[in-house]
Protein chains: 2
Amino acid sequence: MPTRAKPLRKDAQRNRDLLIKAAQELYAARGLDVSLDEIARTAGVSSGTLYNHFPDRADLIGAVFADRAGTVVRFAEQALAMDDPWECLVHFLERICELQAADRGYNDLVCRRVPQAPPTEGHVRGYELMKQIIERARDSGALRSDVTLEDMAFVTWGTARTVEATAHVRPQAWRRQLALMLDGLRASAAHPLPEPPMRPDELADIMRECS
Amino acid sequence: MPTRAKPLRKDAQRNRDLLIKAAQELYAARGLDVSLDEIARTAGVSSGTLYNHFPDRADLIGAVFADRAGTVVRFAEQALAMDDPWECLVHFLERICELQAADRGYNDLVCRRVPQAPPTEGHVRGYELMKQIIERARDSGALRSDVTLEDMAFVTWGTARTVEATAHVRPQAWRRQLALMLDGLRASAAHPLPEPPMRPDELADIMRECS
DNA sequence: CAAGAAGTTGACGGTACAGTCAACTTACGG
DNA sequence: CCGTAAGTTGACTGTACCGTCAACTTCTTG
């Protein structure tokens, strides 16, 4: 089945691409708070055209980051191809955090008050692969047995603000934070945890709401 | 030496207090992005009065959080009164994170794009005490030897977004994240770190700019 | 209890942004 | 190459916010 139900007119497609490109660049550089007017201006079209293609702000964000789920899936697959289960986990988390560090928009998306990204099938697949990564690392005895997939959100959230804060002065600082966190995730480091892990549905709620 | 250079008029003092109280409550509940108009409205005064007392947004924020440095100092002193150096560190960090969790305004202040909080002498004292806490824990052999005071920023930044994200669904989730991070800070968990620690002046830059 | 100093008011001007729409322009099928 | 559907434009409305100020009110002091 082909992608488009309605084959977009030539100029319309061109403008759509220009808008997504402009939005992508502005988001990457300055986060998701860029005004829609500025995106239209940067793309060289009028604001009306923007609203024509993307009625809601979320539509534009969705279009810009549509491929990101696929990128994450690729990272996960690359990681799973590695021999050592622990290295696999480390490699995957590093890649994710690099993505956050390289794109402020994506960093925001991770859980800022963003007008709702719709959960695609790519997300589901990424979720499955991440589960594999975690389970493999845990079964190998390298990852502590009391952490869950949901705990990985702590890595992401933890990195998120550090990336923002240190972007200008020390853009690699998050690597140090991640390394400290990883040392805390090793089975050999395990001490009892105070709070039960988040349930999958709780995490889904959190991702969805972002009040 | 008394506090005031100019003894404020009675009603002026009352309005000032009302404004600070209103700002404090709104900040705590919704973060630092509350509009100045709303603060004035909540306090029951006109916007002109607000600008009269606090010409700049930073002045108001400064007034609201003037006592926070003192609170941190108290926490540090309480912690240092404890016997076990490791417990001392844990206790202190938990208190700080509890502060973040209880007050969205403070959580923002930790390093959001905030219009500059002026560094007071209370800050300096807090800094000194924190240094003591770290050194004690390190000298005792409980805290890994390759972490510095500046690394504690990772704890704060890490907690910051987690608190935001989980506030509604799992307000205590940060405790689990903190516990994982603490396990990574133990000497027994130490693996080589990839990035050199932030220098004090770098961290100061980061806190100051918040571009 | 004056009288002026100190403080307050709320309407006002300016700016930035979201979103709409009638008039115009362009592309495409026949 | 023409007619129409598809798409674009940019001015416009509405809203929310910051910050100012001249006229007004309240406190204080002698």
Side-chain angles (χ1 to χ4, degrees), chain A residues 2-23 25-27 29-64 104-105 108 112-117 210-211, chain B residues 2-23 26-27 29-64 105 108 112-116 211:
Chain A
T3 26
R4 286 269 154 248
K6 296 179 182 182
L8 227 45
R9 223 173 72 176
K10 191 167 59 181
D11 57 341
Q13 184 63 55
R14 193 180 55 88
N15 283 339
R16 194 170 197 280
D17 293 343
L18 284 172
L19 280 165
I20 291 180
K21 181 158 165 282
E25 288 170 5
L26 287 171
Y27 285 163
R30 314 220 309 262
L32 297 181
D33 288 341
V34 185
S35 86
L36 297 178
D37 278 351
E38 184 173 2
I39 292 170
R41 217 179 311 129
T42 304
V45 303
S46 80
S47 67
T49 300
L50 192 158
Y51 288 107
N52 180 33
H53 285 287
F54 309 102
D56 201 332
R57 183 192 223 95
D59 295 323
L60 179 55
I61 293 176
V64 169
R104 284 192 59 124
D108 279 1
R112 241 169 110 71
R113 37 197 77 279
V114 52
Q116 192 59 274
C210 281
S211 104
Chain B
T3 25
R4 287 270 154 248
K6 295 177 181 181
L8 227 45
R9 224 172 72 175
K10 189 169 56 180
D11 57 342
Q13 183 64 52
R14 193 180 55 90
N15 283 338
R16 194 172 197 280
D17 293 343
L18 284 172
L19 280 166
I20 291 180
K21 181 156 165 282
L26 287 171
Y27 285 162
R30 312 221 310 263
L32 297 180
D33 288 342
V34 185
S35 84
L36 298 177
D37 277 353
E38 184 172 1
I39 292 170
R41 214 178 314 128
T42 305
V45 303
S46 80
S47 67
T49 300
L50 192 159
Y51 289 108
N52 178 34
H53 284 288
F54 309 102
D56 202 332
R57 184 190 221 99
D59 296 323
L60 179 55
I61 293 176
V64 168
D108 279 0
R112 236 169 113 73
R113 39 196 77 278
V114 52
Q116 192 59 274
S211 102

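The chains referred to below are lettered A, B, ... by the order of the sequence lines, with proteins before strands, and numbering in each begins at 1.
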Worksheet, complete the sentence: Applying side-chain contact (heavy atoms from CB on, under 4.5 Å) to B/A63 and not counting sequence neighbours gives B/I20, B/F54
Worksheet item: When the distance from CD of A/Q13 to C1' of D/dT8 is rounded to whole Å, what number comes out?
Response: 16 Å
Practice prompt. Take atom CZ of A/F54 and atom P of D/dT8, then tell me their distance rounded to the nearest Å.
Written response: 11 Å
Practice prompt. For the pair B/Y27 and B/I61, evaluate side chain to side chain contact (heavy atoms under 4.5 Å, CB included) and give the outcome as yes or no after the intermediate values.
Written response: CA-CA 9 Å; B/Y27 285 162; B/I61 293 176; 3.8 Å; yes
Worksheet item: At their closest point, which heavy atom of A/V64 faces which heavy atom of A/A23, and how far apart are they?
Response: CG2-CB, 3.7 Å
Worksheet item: How would nucleotides 24-30 of chain D be written as a contact map, 5' to 3', with B for base contact, S for sugar-phosphate-only contact and - for no contact, using protein heavy atoms under 4.0 Å?
Response: --BSS--
Fill in: Overall bend - the helix from C/dC1-D/dG30 to C/dG30-D/dC1, comparing terminal axes fitted on five pairs, nearest 10 degrees
0°
Please list every donor-acceptor pair under 3.5 Å in which a side-chain atom of residues 34-49 of chain B meets a protein atom from a residue at least two apart or in another chain.
from, atom 1, to, atom 2, distance (Å)
B/S35, OG, B/E38, N, 3.1
B/E38, OE1, B/R30, NH2, 2.9
B/E38, OE2, B/R30, NH1, 3.2
B/E38, OE2, B/R30, NH2, 3.4
B/T42, OG1, B/E38, O, 2.7
B/S46, OG, B/G48, N, 3.4

Item to complete: Check side-chain contact (heavy atoms from CB on, under 4.5 Å) between A/D11 and all other residues, then give those that pass, not counting sequence neighbours.
Response: A/R9
Worksheet entry | Non-hydrogen atoms of B/L19 and B/H53 that approach each other most closely | CD1-CD2, 4.0 Å
Practice prompt. Please state whether the phosphate of D/dG7, meaning OP1 or OP2, lies under 4.0 angstrom from any side-chain nitrogen or oxygen of A/H53.
Written response: no
Item to complete: Nearest whole angstrom, please: distance from the P of C/dA18 to the CG of A/L32.
Response: 13 Å
Fill in: Spacing of A/I39 atom CD1 relative to C/dG19 atom C1', expressed in whole Å
14 Å
Fill in: Base-contact (B) and sugar-phosphate-only (S) positions in nucleotides 9-22 of chain D, heavy-atom cut-off under 4.0 Å, - elsewhere
BBB-----SBBBB-
Worksheet item: Rounded to the nearest 0.5 Å, how far does CG of A/L50 lie from CZ of A/R57?
Response: 10.0 Å
Worksheet entry | Closest non-hydrogen atom pair, A/R16 against A/L8 | CD-CD2, 3.6 Å
